[in-house]
Amino acid sequence: MGTGEGVEVDANIQKYQAFVKTVECGSFTKAAEALSYSQSGVSRMIADLERDWKVSLLARSRAGVSLTSEGSRLLPFAQSVCAEYDKLQMQVDDLAGMQSGLIRIGTFSSVATHWLPNIIRAFREDYPNIDYELVMGDYSEIESWLLDGRVDCGFLQLPTHPDLEVLLAGRDELMAVVPEDHPLAARERIPAEALCDDPFLLLRKGDNTVVSDVFDHAGLRPDVHFTTWDDYAIMAMVECGLGVGILPELILKRVPYRIAVRPLDEPAFRTIGLALRSKEGASLATKRFLEYLDCR
């Protein structure tokens, strides 16, 4: 491949990146700022794509830009090209001894708070020039991001999608949470049926029903008054006396609320894994990041 051809390929990648970033930001101006281009440069690159592909990608208005139907069909392919280009650049950088790049990690609050700081600290000691993007979501969102290539690896509850490769990260016990002055706070362990006597605050992350399963297996039906995927929202409401709940032990390690935490009479657990679409196809930085999972 000649030099001229290589430059042309990079120029096309820049156009794809401009298209993807403009959709993410919702405007040419914000995309230009994110990519360190001029606003006119971003607009021109997208106009070039529209001319080359003979389609309209974006609808322009005073409120910003939005995808046309043709743009919606082509966006996933442009995102895939950009993601693969990032992997190519990381491979080239690594082979050149630069050890630079970006690792995009899908995660949820308890792992981001209690595991990732230790993992990243250990990894940075050996690879100080790697950057990180933490994308917060629930289990189903992280699974979708992995399959779509939005993130390089992601923490989620197992089992997960069969097309993903998984490393076991650990088991996390589910704990009852009640107000400090609640009669159940005096007990060493709390049976699931005792949690059915108060309004129940249900933790649900996407399609995951691990807390609901505790009651289903016992043939019980809690009096659910509130449902959320936010662990801290449940803690705050329990502290205010609005009900009781069940939360994973990991998020309860440094509790910022005045609540009582007790194990269940019959222990229940969630199993957490670190997943990726393909270990073989992952960037070198991601592969090496996986080796630091035990540092959590």
Side-chain angles (χ1 to χ4, degrees), residues 1 3-93 98 100-108 112 129-138 140-154 206 229 276-278 281-286 289:
M1 180 184 294
T3 303
E5 187 176 351
V7 171
E8 180 61 26
V9 170
D10 284 352
N12 282 331
I13 291 292
Q14 288 179 333
K15 294 176 185 178
Y16 303 154
Q17 291 171 333
F19 172 40
V20 171
K21 186 59 67 173
T22 300
V23 174
E24 290 179 3
C25 296
S27 78
F28 292 118
T29 302
K30 291 180 181 178
E33 291 175 357
L35 294 171
S36 298
Y37 296 152
S38 66
Q39 187 272 342
S40 60
V42 170
S43 180
R44 184 174 61 253
M45 284 189 280
I46 294 176
D48 287 346
L49 284 180
E50 292 178 320
R51 185 188 65 250
D52 295 343
W53 294 347
K54 297 180 175 59
V55 296
S56 175
L57 297 172
L58 300 172
R60 286 83 164 168
S61 70
R62 289 186 177 180
V65 297
S66 59
L67 282 167
T68 63
S69 58
E70 293 92 345
S72 296
R73 292 181 61 182
L74 294 174
L75 178 63
F77 298 100
Q79 290 172 322
S80 178
V81 169
C82 292
E84 292 302 316
Y85 181 75
D86 289 341
K87 291 179 184 179
L88 170 63
Q89 287 299 112
M90 191 176 294
Q91 293 277 2
V92 171
D93 291 344
M98 295 175 63
S100 63
L102 173 70
I103 303 175
R104 302 165 302 165
I105 306 168
T107 186
F108 46 93
N129 297 320
I130 297 293
D131 294 325
Y132 309 85
E133 179 185 355
L134 302 187
V135 187
M136 305 292 292
D138 60 39
S140 58
E141 287 176 321
I142 295 168
E143 182 180 278
S144 175
W145 294 335
L146 285 164
L147 294 169
D148 293 343
R150 170 69 180 86
V151 295
D152 301 302
C153 59
W229 70 272
L276 64 168
R277 188 163 50 174
S278 168
S283 68
L284 291 178
T286 301
F289 181 79

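Being a predicted model, the structure only gives us computed values, none of them experimental. We count residues from 1, following the sequence as given.
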Roughly how far, to the nearest 0.5 Å, is the [atom2] atom of [Y] from the [atom1] atom of [X]?
| X | Y | atom1 | atom2 | answer |
| --- | --- | --- | --- | --- |
| Asp48 | Asn12 | CG | CG | 9.0 Å |
| Tyr85 | Ser80 | OH | OG | 15.0 Å |
| Asp138 | Glu143 | CG | CD | 10.0 Å |
| Arg150 | Gln79 | CZ | CD | 8.5 Å |
| Ser72 | Leu57 | OG | CG | 10.0 Å |
| Arg44 | Phe28 | CZ | CZ | 12.0 Å |

What's the shortest heavy-atom distance between [X] and [Y], and which atoms?
| X | Y | answer |
| --- | --- | --- |
| Ala31 | Thr22 | CB-OG1, 3.4 Å |
| Leu35 | Ala18 | CD1-CA, 3.8 Å |
| Ala83 | Gly149 | CB-O, 4.4 Å |
| Gly106 | Ile142 | C-CD1, 4.0 Å |
| Leu276 | Asp152 | CB-O, 3.4 Å |
| Thr68 | Ala59 | CG2-N, 3.8 Å |

Is [Y] close to [X] at the side-chain level, that is, under 4.5 Å between some pair of heavy atoms?
| X | Y | answer |
| --- | --- | --- |
| Ile130 | Leu102 | no |
| Ile46 | Arg60 | yes |
| Tyr37 | Gln14 | yes |
| Val151 | Ile105 | no |

Thinking salt bridges, do [X] and [Y] make one under a 4.0 Å N-O criterion?
| X | Y | result |
| --- | --- | --- |
| Arg73 | Glu70 | no |
| Lys15 | Glu50 | no |
| Lys87 | Glu84 | yes |

- Query: Among side-chain atoms of Ser27 and Thr29, is any donor-acceptor pair under 3.5 angstrom?
  - Reply: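 No, no side-chain donor-acceptor contact under 3.5 Å.
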
- Could you walk me through whether Glu24 and Lys21 pass salt bridge (Lys or Arg N to Asp or Glu O under 4.0 Å), step by step? CA-CA 5 Å; Glu24 290 179 3; Lys21 186 59 67 173; 3.1 Å; yes

- Task: Could you label the plane-to-plane angle of the Trp53 and Phe19 rings as parallel, tilted or perpendicular, counting under 30° as parallel and over 60° as perpendicular?
- Result: perpendicular

